[in-house]
Amino acid sequence: MADDHSSSPPHLCHSCGNPTTTAPPPTAAPWSDASPPPVYRPIRAPAINAPAPNTAAIILSPVPQPLPVPPLSFPHSFEAPSKKIASPDDIAHFHSIPAGRHFLGFVSALSHCSRGLKISDPVPISATISSLLSLLQALSSWLPLFPPLPHPSRYGNPAFRSWHQKLVDEASSVVLPLLASDDLRPASIELVPYLLDSFGNPTRMDYGTGHETHFAAFLYCLARLGVVAESDYPALVTRVFVSYLSLMREVQMTYQLEPAGSHGVWGLDDYHFLPFVFGSAQLVDHKYMKPKSIHNQDILDNFSNEYMYLACVAFVKKVKRGPFAEHSPLLDDISGVPTWSKVNSGLLKMYKAEVLEKVPIMQHFLFGSIIKWSVMKHFMEL
């Protein structure tokens, strides 16, 4: 008699649809029309676990591809950016217009340029990269000025508001060194709001993938202005983004920021997404380390300083208790994918689906003259 299990279909990874060696956890019930997801609010993880990612939609979607950043023409009229997204229709519109396509293409380009690149590898360091690193170092140097205050709550030490107010007060002065010409200096009216939204919300005292996306948007704006060139992309990832991630880990741990819209166990991380994208790209075609290597503690201990993905997994294991497969089933599932290339392509698709296509996250995204919201929203319906 044939083995009853011989014809069973292979288990598929939630992020990219490739065969894995791990059975998926039970699927959570999706939101229903009678009980829709709530309007955006901070979620105290792990009290509420969102449904698992929409596996079918992610599997069937194309892998986002790198795109060149279209340069702005000068003279240019800058404007204070504002929020535009309030519905799923707005999300669809965002991904149909040049701003949405090119922003995702920029993230994909940063991922692509990271392939096979260790954090310690030499990369060109331009004046812009040096200025960005100085900016992040300045923000880090302010943390001792605002030590945590006695506070009974688990999340959100009120000292964070003082640190963030220092950022508000100094934002223009730390951005201006990036804008060396008379044509560029007026761009600070747009750059400052993106920068301020990159480090958490002082009212809710939370931080999440939307804030991280605003930092990527800040870098994208610099690319559109011509301040950042394609030759800077490797340093943007292995120097600037690594420094940003280090700063945000310090801010999160110092002030116990609440995860903004946490997916609980169904998220890669309560706070971050992009370091998993860039970090998996770093490991593409690595001779020895495979996705399953995250379960080897010696590898995490010895190589987390070189690869963002390993550093993120090590951080998750540090701050969460219990079996890894229980508190991080999605990361455990991804570890069964055969190659880092498939992990990376799946995570790029997942970033688009689980971050850039989510109203609760993107309702806070800003649009101005650099990342432009087209006024021709419904012209195809007229």
Side-chain angles (χ1 to χ4, degrees), residues 13-16 18 20 53 63-64 66 104 106-121 123 136 207-209 211-213 215-216 219 233-250 252 263 267-320 324 328 330-352 354-356:
C13 172
H14 284 298
S15 64
C16 61
N18 291 290
T20 77
V63 179
L104 182 56
F106 173 70
V107 171
S108 301
L110 292 181
S111 174
H112 184 78
C113 81
S114 308
R115 292 191 166 211
L117 196 63
K118 298 195 300 291
I119 290 173
S120 65
D121 284 345
V123 291
L136 294 170
Y207 174 86
T209 52
H211 302 107
E212 179 188 73
T213 295
F215 186 71
L219 300 179
Y233 286 8
L236 280 184
V237 174
T238 63
R239 300 296 188 273
V240 174
F241 198 85
V242 166
S243 296
Y244 168 74
L245 179 61
S246 176
L247 171 59
M248 285 316 307
R249 294 288 196 214
E250 191 175 5
Q252 289 157 221
H263 284 256
L268 294 173
D269 177 292
D270 283 337
Y271 299 95
H272 293 281
F273 200 111
L274 287 177
F276 291 94
V277 175
F278 302 150
S280 60
Q282 287 182 280
L283 287 159
V284 167
D285 295 330
H286 194 281
K287 199 169 184 179
Y288 305 110
M289 283 185 278
K290 306 300 179 187
K292 64 184 179 182
S293 298
I294 66 166
H295 300 295
N296 186 320
Q297 190 61 43
D298 286 341
I299 286 179
L300 295 181
D301 292 341
N302 288 293
F303 295 99
S304 291
N305 62 326
E306 291 285 16
Y307 299 99
M308 272 185 282
Y309 195 101
L310 301 182
C312 288
V313 171
F315 184 80
V316 168
K317 287 188 172 184
K318 176 183 175 182
V319 299
K320 294 190 176 184
F324 184 74
S328 300
L330 188 54
L331 285 174
D332 188 62
D333 192 19
I334 291 172
S335 72
V337 177
T339 67
W340 285 111
S341 180
K342 291 183 181 297
V343 170
N344 179 247
S345 62
L347 288 175
L348 279 168
K349 293 194 289 184
M350 190 176 172
Y351 178 67
K352 179 176 182 287
E354 295 297 313
V355 177
L356 299 185

Donor-acceptor pair, side chain of Asp121 and main chain of Lys118, under 3.5 angstrom
yes
Minimum heavy-atom distance Pro291-Pro338, with the two atoms named:
CD-O, 3.8 Å
State whether the number of non-hydrogen atoms from other residues, nucleotides or ligands found under 6.0 Å of Lys292 atom NZ is greater than 12.
no
Between the side chains of Thr213 and Tyr351, is a donor N or O closer than 3.5 angstrom to an acceptor N or O?
yes
Taking side chain as C-beta onward, heavy atoms only, is Phe276 less than 4.5 Å from Leu331?
yes
Contact between Met308 and Val277 at the side-chain level, heavy atoms closer than 4.5 Å - yes or no?
no
Check: Ser243 main-chain N/O paired with Ser246 side-chain donor or acceptor under 3.5 Å:
no
Look up atom OG in Ser328 and atom CG in Asp333, then write down how far apart they are to the nearest 0.5 Å.
12.0 Å
So, Glu212 side chain and Phe273 main chain: donor-acceptor pair closer than 3.5 Å or not?
yes
With a 4.5 Å cut-off on side-chain heavy atoms, are Asn344 and Arg115 touching?
yes
Would you compute the distance between atom CG of Leu300 and atom NE2 of His295 and round it to the nearest 0.5 angstrom?
9.5 Å
Phe324 and Ile294 have their tightest heavy-atom pair at CE2-CD1, 3.9 Å
When rounded to the nearest 0.5 angstrom, what distance separates CD1 in Ile119 from OG in Ser304?
9.0 Å
Taking the six-membered ring for Trp, are Tyr233 and Phe106 ring centroids under 6.0 Å apart?
yes
Looking at every non-hydrogen atom in both residues, tell me the closest pair between Lys349 and Val63 and how far apart they are.
CG-CA, 3.8 Å
Counting N and O atoms only, with roles assigned by atom type, does the side chain of Gln282 sit under 3.5 Å from a partner on the main chain of Glu306, one being a donor and the other an acceptor?
yes
Classify the angle between the aromatic ring planes of Tyr244 and Phe215 as parallel (below 30°), tilted (30 to 60°) or perpendicular (above 60°).
parallel
For the ring pair Tyr307 and His286, is the centre-to-centre distance below 6.0 Å?
yes
Do Ser111 and Leu348 have side-chain heavy atoms sitting under 4.5 Å apart?
yes
Validation row: Gln252, His272 side chains within 4.5 angstrom (heavy atoms)
yes
From the list Phe303, Phe315, Trp340, ring-ring contact (aromatic ring centres under 6.0 Å, His included) partner of Tyr309 resolves to Trp340
Give, for atom CG of Leu136 and atom CG of Leu245, the distance between the pair rounded to the nearest 0.5 Å.
11.0 Å
Residue of the set Leu283, Val284, Val123, Val237 for which side-chain contact (heavy atoms from CB on, under 4.5 Å) holds with Leu117
Val123
Is there a side-chain contact between Glu354 and Leu268 (heavy atoms, below 4.5 Å)?
no
Shortest non-hydrogen contact between Arg249 and Cys312, atoms and distance
NH2-SG, 3.7 Å
Salt bridge check: are Lys317 and Asp301 linked by an N-O gap of less than 4.0 Å?
no
Within the 4.5 Å heavy-atom criterion, are Leu110 and Leu236 side-chain neighbours or not?
yes
